Amino acid sequence: MNSLESDPGAEPVESHGRSNFIRDAVIEDLKAGKHDGRVQTRFPPEPNGYLHIGHAKAICLDFGLAAEFGGKCNLRFDDTNPSKEETEYVDSIMDDVRWLGFQWDGLFYASDYFPQLHEWAVQLIKAGKAYVCDLTADEVRRHRGTLTEPGLESPYRNRSVEENLDLFQRMKNGEFPDGSRTLRAKIDMSSPILSMRDPVMYRILHMEHHRTGDQWRIYPMYDYAHGQSDSIEKVTHSICTLEFENNRPLYNWFIEQLGIFPSRQFEFDRLNITYTLLSKRRLLTLVQEGHVKSWDDPRMPTLSGMRRRGYTAEAIRTFCANISVSKTNNTVQLSALEYFLREDLNKRAARVMGVLRPLRVVIDNYPEDLVEEMDAVNNPEDENMGTRLIPFSKVLYIERDDFREDPPKQFFRLSPGREVRLRYGYLITCGAVVKDDNGNILELHCTYDPATRGGKTPDGRKVKSTIHWVSAAHAVDCEVRLYDNLFTKENPNEVEEGQDFTANLNPSSLEVLSGCKVEPSLREAPIGSRYQFERIGYFCVDTDSAPGRLVFNRTVGLRDTWSKIEQRGKK
RNA sequence: UGGGGAGUAGCCAAGCGGUAAGGCAGCGGACUUUGGAUCCGCCAUCCGAAGGUUCGAAUCCUUCCUCCCCAGCCA
């Protein structure tokens, strides 16, 4: 997994400076001289899964703001729940952030702050603001009340400071079993804000932590750890997603009670994309239940999956900059992501010719043993990428899709009696169609016009179509993996009663093609390298490749006007 | 239902009292040795609804409607 080190993707990140309400707030604070003009953010993932494109939006915001205003952005792992967290995730997250093109200032872990957090808890107990509660999880829930009814105070709410101190110490010492007691903040059981109804600060968990080992038997809850961690690092703008708006009063409460640096929380909308699931929990399910091969399966919206599929960091950043940041629930169409992907790949990917579904073509009037080297442009968008030579010979492969025995209206490609251009080759005219006993087309016999070498037409004659090809004797065999949406529904979460999102899985999200033919220049193509197969799409060399065994991923297809016309004709 | 958020085109999204930016998608056309790329044009008399204030309202006020989040010892 993650074996694309060859592509650090760390181009310098320019700040786009596109306006959004959080950026506006930062500018306001700067104008007001807040924090002496200091801007500091943080990206705080929990290491319980791989990062996906939704995280990329947050990363671009957090790091982008810091970069734009000369501030700092830390990477902080929110590792307060050892039951879900692993170092594998920590490592992948660091890889992904770097690959996206960002470098953190400080690298921290919430677990670094366990001692300080503990000390503050003791301080709150002494101040009568926290107490040890012996209620079970179930009892706590029943005491919490409902949306419309106030909660009930815990019978343990008014223990003496001494008793609380003693009990908390013994919790810490590991004297009590999991779930038997908690430390709770003493706030207000009748608050209309549920998170203020004496929230749990610490729970007992006899569990190995990925960093602190068996040092702790009590672990702080998110609400008790997050704001203080921000505060310790002197984060000025703590940016998170909308669902945490409910937690903001509590975030502020701890900071105020403790009288520590007042980090301020801002919430923005999380990213949704059609036909895509962006939830670590669900992505974990896909991996664990084997619906995909791994976290970096190219069909996954994880950054590692997208990277393996051939996405560039630049394309993802441009996408994030363009969808902007607001507070509305939204679902961006997949086509928007693909647009920015193609836009970037168009500029950087070398053009090559590759035939996915080969159809043999014999040029009857071409000399038996002649091989000509044809000049081809590597990238019409970038002259600096130069040219290369492609061998042309008597027997070629063309795409099966580029031939129709009985061409529909508007089909401009090859058909009996018709002339087309072989890109950088010659103009050829189709003669005989050879079939087997079942009527399957085996090969085509064509004739070429020697005056059209390189695909030129000295007589000014026009052909309606130019198609790609590969010389049969020189072609390199390879496997090509075509990907389609992982889900068949725009909203994969929309399911019938009794089903779960896996019911919307697309059974043909992966199509493996073998016996594909690519031009010889690709023989030694390194893993991760990206190409445009002319007229087909963008492809990259997959990590499953090995010497003598080339595997390509289709990153995304080219815009396909013909298929649109054809679809329209069918309706 | 108590609390917290949000409603501008098919999808994102600017706009902050002076008469609806931009992008994606779509449609038309030009160009083309990729049906690619590029270029040009079209695409909201209207901003969830209804009232009101104002010379003037997407922007201010009132009421209503819809959607999202919160009742983990998850984050």
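Each chain gets a letter, A, B and so on, in the order the sequences are listed, and its residues count up from 1. Hydrogens, waters and symmetry mates are skipped; everything else that's a heavy atom, side chains included, is used. The structure presented is a predicted model; accordingly, all values stated were derived computationally and were not measured.
- Annotation: side-chain contact (heavy atoms from CB on, under 4.5 Å) contacts of A:Asp112 (sequence neighbours excluded): A:Phe108, A:Tyr109, A:Arg211.
- With sequence neighbours excluded, the residues that form a ring-ring contact (aromatic ring centres under 6.0 Å, His included) with A:Phe552 are A:Phe533.
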Distances for protein N/O vs nucleotides 41-44 of chain B N/O pairs under 3.5 angstrom?
none

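- Residue contacts for A:Ser195: at a heavy-atom cut-off of 4.0 Å it reaches no nucleic acid atom on any strand shown.
- Every ring-ring contact (aromatic ring centres under 6.0 Å, His included) that A:Phe392 has, sequence neighbours left out, goes to A:Tyr366, A:Tyr426, A:Trp469.
- Taking atom P on both nucleotides, B:A14 is separated from B:A21 by 15 Å, rounded to a whole Å.
- Crowding of A:Lys129 atom NZ: a count of heavy atoms from other residues, nucleotides or ligands under 6.0 Å not exceeding 12.
- Applying the salt bridge (Lys or Arg N to Asp or Glu O under 4.0 Å) criterion to A:Arg404, with sequence neighbours excluded, gives A:Glu566.
- Below the 3.5 angstrom threshold, one finds a donor paired with an acceptor across the side chain of A:Gln333 and the base of B:G10.
- Between the side-chain ring of A:Phe412 and the base of B:G35, a stacking contact exists by the 5.5 Å and 30° definition.
- Annotated as anti: B:G51, whose O4'-C1'-N torsion sits more than 90° from 0.
- For the residue pair A:Ser238 / A:Arg42, a side-chain donor-acceptor distance below 3.5 Å is found, with atom types taken as modelled.
- The CD atom of A:Glu383 sits 18 Å away from the P atom of B:U38 (whole-angstrom rounding).
- Note: CD (A:Gln228) to P (B:A75) measures 13 Å, nearest angstrom.
- Of the charged side-chain nitrogens involved, at least one lies within less than 4.0 Å of a carboxylate oxygen, so that A:Arg159 and A:Asp134 count as a salt-bridged pair.
- Between the side-chain ring of A:Tyr222 and the base of B:A75, no stacking contact exists by the 5.5 Å and 30° definition.
- Below the 3.5 angstrom threshold, one finds no donor paired with an acceptor across the side chain of A:Glu381 and the base of B:U38.
- Residues from residues 175-183 of chain A with heavy atoms under 4.0 angstrom of RNA chain B, sorted by number: A:Gly179, A:Thr182.
- Distance noted for atom C1' between B:A71 and B:A6: 22 Å (whole Å).
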